[in-house]
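Residue numbering restarts at 1 for every chain, and letters A, B, ... go by the order of the sequence lines.
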Number of protein chains: 2
Amino acid sequence: MTDIDGQRLMIKVARLYHTHEMRQTDIAKRLQISQSRVSRLLAQAEDASIVRTVVAVPQHVHAELEERVESIYGLSEVHIVDAVSDDDAELAKDLAYTMAALLHDVAFEVRTIAVTSWSKTLRLMIDVMLPMRTRCKHVVETLGDLGPPALQHDTARSTQHFAALTGAQPVFLRTPGVAASREMKELLLSSDPHAQKALEMLDSVDLVLVGIGADKIDPDLRPGDNFFTHEQFAHVRELGAVGEVCLHFLDADGNPIDSELEDLVVGITREQLKSARHRWAVAGGARKHRAIRAAVAGGWIDTLVTDAATAQFLVESAPPAPQAAQGTTPAKGNARRRTAASKA
Amino acid sequence: MTDIDGQRLMIKVARLYHTHEMRQTDIAKRLQISQSRVSRLLAQAEDASIVRTVVAVPQHVHAELEERVESIYGLSEVHIVDAVSDDDAELAKDLAYTMAALLHDVAFEVRTIAVTSWSKTLRLMIDVMLPMRTRCKHVVETLGDLGPPALQHDTARSTQHFAALTGAQPVFLRTPGVAASREMKELLLSSDPHAQKALEMLDSVDLVLVGIGADKIDPDLRPGDNFFTHEQFAHVRELGAVGEVCLHFLDADGNPIDSELEDLVVGITREQLKSARHRWAVAGGARKHRAIRAAVAGGWIDTLVTDAATAQFLVESAPPAPQAAQGTTPAKGNARRRTAASKA
DNA sequence: GCAGATTGTAAATATTTATTCTACACCGCT
DNA sequence: AGCGGTGTAGAATAAATATTTACAATCTGC
């Protein structure tokens with residue numbers, strides 16, 4: 001009772017303040033409470049994400065650059081945020097907000113979404129998303145558990161939260177993401193019907209959300225601890241790896257690198273990834289430039305959210321030989337433009 | 001140049017403030033400008049609706065009442081806002097925000113939307129909408145011009161704005177909405193191919209947005225001035241009218257009232273209205289109770305956004321004889337529930 | 001080229017909002 | 001009943017934000 005009542009008061013205050021634009025003192029007078037209480041209720045509403053402020057970038061500021069990247073690499077959409085700085089943490093936040101906004105109004109029908117919640121940026125995105133009404137039925141994890149238990153917990157929570165936001169059922173992959181050996185992987189899977197089911201669901205995915213990893217080990221992931229070792233990373237680097245998408249290592253041109261590591265990963269396969277109807281990646285920052293180019297050049301994704309500097313890098317580093325769309329003309333291209341809505 | 005630059009600065013400041021949660025003084029220091037400028041840029045961003053704060057009502061507070069209205073009148077969805085007060089202006093704002101939020105995540109495919117921008121609440125809704133990516137192609141007005149030129153201008157601007165927000169083409173009905181006589185109407189239409197085209201497009205509408213009018217003349221609309229006269233209103237009241245939807249007058253049970261006024265209106269026909277795939281209405285307030293009941297009882301709409309008091313009235317006033325859905329059991333019913341997303 | 005309008009600026013000030021701090025109510029426990 | 005612990009309230013106060021002011025720079029139309 002009291003909680004419901006408190007909640008309603010909070011919402012009422014939030015509405016009076018934000019949508020009716022009343023001052024806190026006036027609200028306090030009207031509701032017969034103190035101004036400090038109003039202030040506190042508002043703060044409460046804020047971090048219960050009852051109120052949310054969104055900063056809508058009106059039309060695409062970097063439209064031209066976006067189109068050039070799109071046409072060079074044959075991507076269907078590129079979204080460039082002009083980040084407030086090139087600091088990694090701040091950049092991640094900007095990318096996350098942009099991706100969230102983008103996701104929030106997907107125009108196409110989505111039944112199954114695969115999500116890589118172990119990407120830091122994607123977790124951040126999930127944190128800042130608003131609930132959305134979709135017809136999405138399932139949210140499936142793309143990879144098994146990686147890293148220390150704390151991270152696994154975050155990841156599971158993110159997946160669960162994402163599912164709640166979209167009104168879908170979460171499908172977890174609660175299995176070590178990197179097995180110690182091929183045999184170990186078989187063993188793990190054979191005894192885990194849940195994991196088998198999850199992996200099967202990755203066969204038909206409408207939208208997959210991925211991060212893009214560099215060729216170094218993320219500091220959050222202790223090497224060896226439920227993850228590849230430094231040695232294993234060094235090995236694939238020797239084979240030419242410049243980065244990875246869902247732990248599939250890629251060379252500079254985006255070709256997948258065959259190595260025994262492929263057999264150790266429990267998660268979405270190359271084929272499953274490529275067969276997803278839409279494949280969105282979010283990544284940026286100088287550290288990941290080469291990895292991102294590999295991911296787009298290899299056609300592993302079709303929509304990219306990144307920063308201006310990375311986009312610039314993608315344009316400047318000569319388009320690689322293989323499956324790039326058509327000619328090199330970076331002109332108007334085939335890409336559709338999106339809704340603009342600036343006002344007088 | 002300067003404008004673009006100013007715009008980008010504004011956005012940058014808005015992002016630093018809202019998404020990166022920096023203090024104004026820190027932003028000022030970082031960007032080498034004064035705190036007051038930061039403050040003003042933020043205000044600017046606010047009323048350019050670059051930033052928008054939304055108050056998301058978590059789960060439906062009035063879920064039970066909603067379901068009862070739904071099942072009694074056979075509506076597919078009812079959304080109740082618990083308005084901050086019963087003052088008409090404040091109520092309209094609440095209704096508008098709710099409708100906007102609702103519209104923003106329509107899950108179904110929409111190609112053509114018909115909009116009644118001469119409803120005050122709907123205009124307000126359009127003002128507070130955010131741009132949305134849809135596949136909507138056309139936004140068609142449901143009625144011709146009503147009232148004084150200033151209102152006509154507002155209406156046109158709203159329609160245009162709504163189209164811009166949805167990325168659709170606006171289709172105007174720039175013709176008097178109420179003709180002086182049947183002959184006059186014929187004459188007006190025969191010489192106006194644009195209007196003819198617009199009226200034709202109303203044949204196949206995916207979503208129509210309407211207000212609900214009481215049986216009194218709205219103060220914004222001077223009687224006679226491009227609108228019905230007091231005498232005409234009195235006449236339909238004598239015939240039993242309690243309200244209207246798109247200028248189609250209805251009796252207490254929601255049956256349409258045949259009168260010569262039907263022949264004077266240039267706008268969506270009864271048949272066109274009923275044939276629209278989805279029909280959403282927004283209205284509330286004691287003044288309109290009877291009109292709203294007529295609209296829902298007559299099956300003129302399938303989704304209603306209203307206030308708690310009105311919903312209560314709808315439940316209490318005995319369900320009318322005709323085409324109400326099934327039995328009288330106001331229990332759980334057939335209605336689906338929507339996404340909830342409350343957190344710990 | 002210059003008066004008048006417009007816009008942008010920082011500093012000072014006023015207003016609004018957040019954060020103490022203290023008091024008190026409400027548990028669960030002995 | 002009496003005793004800490006916990007949480008929430010309002011009053012006072014600190015901090016943050018908005019507005020006013022006065023002046024400088026940049027356009028605008030003659």
Side-chain angles (χ1 to χ4, degrees), chain A residues 1-56 58 61 82 84-85 89-90 93 97 127-128 342-344, chain B residues 1-56 58 61 82 84-85 89-90 93 97 127-128 342-344:
Chain A
M1 280 299 141
T2 29
D3 195 27
I4 292 291
D5 235 34
Q7 173 120 321
R8 286 186 61 167
L9 182 61
M10 184 174 84
I11 292 173
K12 188 160 197 166
V13 166
R15 285 239 301 274
L16 285 171
Y17 187 77
H18 291 288
T19 84
H20 293 270
E21 294 160 290
M22 287 177 68
R23 313 271 83 174
Q24 293 190 3
T25 41
D26 297 326
I27 299 172
K29 227 171 288 169
R30 177 164 172 168
L31 302 181
Q32 307 269 40
I33 56 181
S34 68
Q35 178 265 319
S36 36
R37 188 152 177 216
V38 173
S39 171
R40 271 184 297 235
L41 284 167
L42 285 171
Q44 216 178 309
E46 198 105 358
D47 61 43
S49 34
I50 301 288
V51 316
R52 194 56 144 271
T53 74
V54 300
V55 179
V61 191
D82 54 345
V84 294
S85 83
E90 293 195 314
K93 212 166 196 172
Y97 271 89
D127 284 344
V128 303
S342 45
K343 321 199 300 186
Chain B
M1 280 300 142
T2 30
D3 195 28
I4 292 291
D5 234 37
Q7 173 118 323
R8 286 187 58 169
L9 183 61
M10 183 174 86
I11 292 173
K12 189 159 195 165
V13 166
R15 285 240 300 276
L16 284 171
Y17 187 77
H18 290 288
T19 83
H20 293 270
E21 294 160 290
M22 288 176 68
R23 308 265 137 236
Q24 294 189 1
T25 41
D26 297 326
I27 299 172
K29 226 171 289 168
R30 175 163 175 168
L31 302 182
Q32 307 270 41
I33 56 181
S34 68
Q35 177 265 320
S36 33
R37 182 123 115 108
V38 173
S39 171
R40 261 168 299 143
L41 283 167
L42 284 171
Q44 217 177 309
E46 198 105 359
D47 59 44
S49 32
I50 301 288
V51 317
R52 194 55 143 274
T53 73
V54 300
V55 179
V61 190
D82 54 345
V84 294
S85 83
E90 293 194 313
K93 211 166 196 171
Y97 271 89
D127 284 344
V128 304
S342 44
K343 321 199 303 183

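- Chain B approaches DNA chain C within less than 4.0 angstrom (heavy atoms of the protein), and the contacting nucleotides run 5' to 3' from C/dT9 to C/dA11.
- Partners of B/Ser36 under the side-chain contact (heavy atoms from CB on, under 4.5 Å) rule, at least two apart in sequence or in another chain, are B/Ser34, B/Arg40.
- From A/His18, atom NE2 reaches atom CD1 of A/Ile11 across 12.5 Å, with rounding to the nearest 0.5 Å.
- A distance of 10.0 Å separates CZ of A/Arg8 from CZ of A/Arg15, quoted to the nearest 0.5 Å.
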Show every donor-acceptor pair shorter than 3.5 Å between a side-chain atom in residues 21-28 of chain A and any protein atom, with sequence neighbours excluded, or say none if there are none.
unit_1: A/Gln24; atom_1: OE1; unit_2: A/Gln35; atom_2: NE2; d: 2.9

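- Considering every non-hydrogen atom in both B/Glu90 and A/His20, the closest pair reads O-CE1, 3.2 Å.
- Taking 4.5 Å as the limit, every side-chain heavy atom of A/Lys93 sits out of range of all side-chain heavy atoms of A/Val84.
- The CD atom of A/Gln35 sits 11 Å away from the P atom of D/dG10 (whole-angstrom rounding).
- Interatomic distance, CZ of B/Arg37 versus CG of B/Leu9, reported as 5.5 Å (0.5 Å rounding).
- Among all heavy-atom pairs drawn from A/Ile50 and A/Met10, the shortest one is CG1-CE, 3.6 Å.
- When the C1' atom of D/dA9 is taken as reference, atom CG of A/Leu41 falls 11 Å away, rounded to whole Å.
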Run the numbers on A/Val51 and B/Thr53 for side-chain contact (heavy atoms from CB on, under 4.5 Å), then give the verdict. CA-CA 7 Å; A/Val51 316; B/Thr53 73; 5.7 Å; no
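- Two end axes, each from the C1' atoms of five base pairs, can be drawn for the helix from C/dG1-D/dC30 to C/dT30-D/dA1; they diverge by 40°, to 10 degrees.
- Of the residues in residues 18-32 of chain A, those placing a heavy atom less than 4.0 Å from an atom of DNA chain C are A/Arg23, A/Gln24, in numerical order.
- Nearest-nucleotide positions on DNA chain D place A/Arg40 closer to the 5' end than the other of B/Arg40 and A/Arg40.
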Run the side-chain contact (heavy atoms from CB on, under 4.5 Å) test on A/Thr19 and B/Val128 for me, step by step, so that the C-alpha distance in whole Å, both residues' side-chain angles and the decisive distance to 0.1 Å come before the verdict. CA-CA 10 Å; A/Thr19 84; B/Val128 304; over 6 Å; no
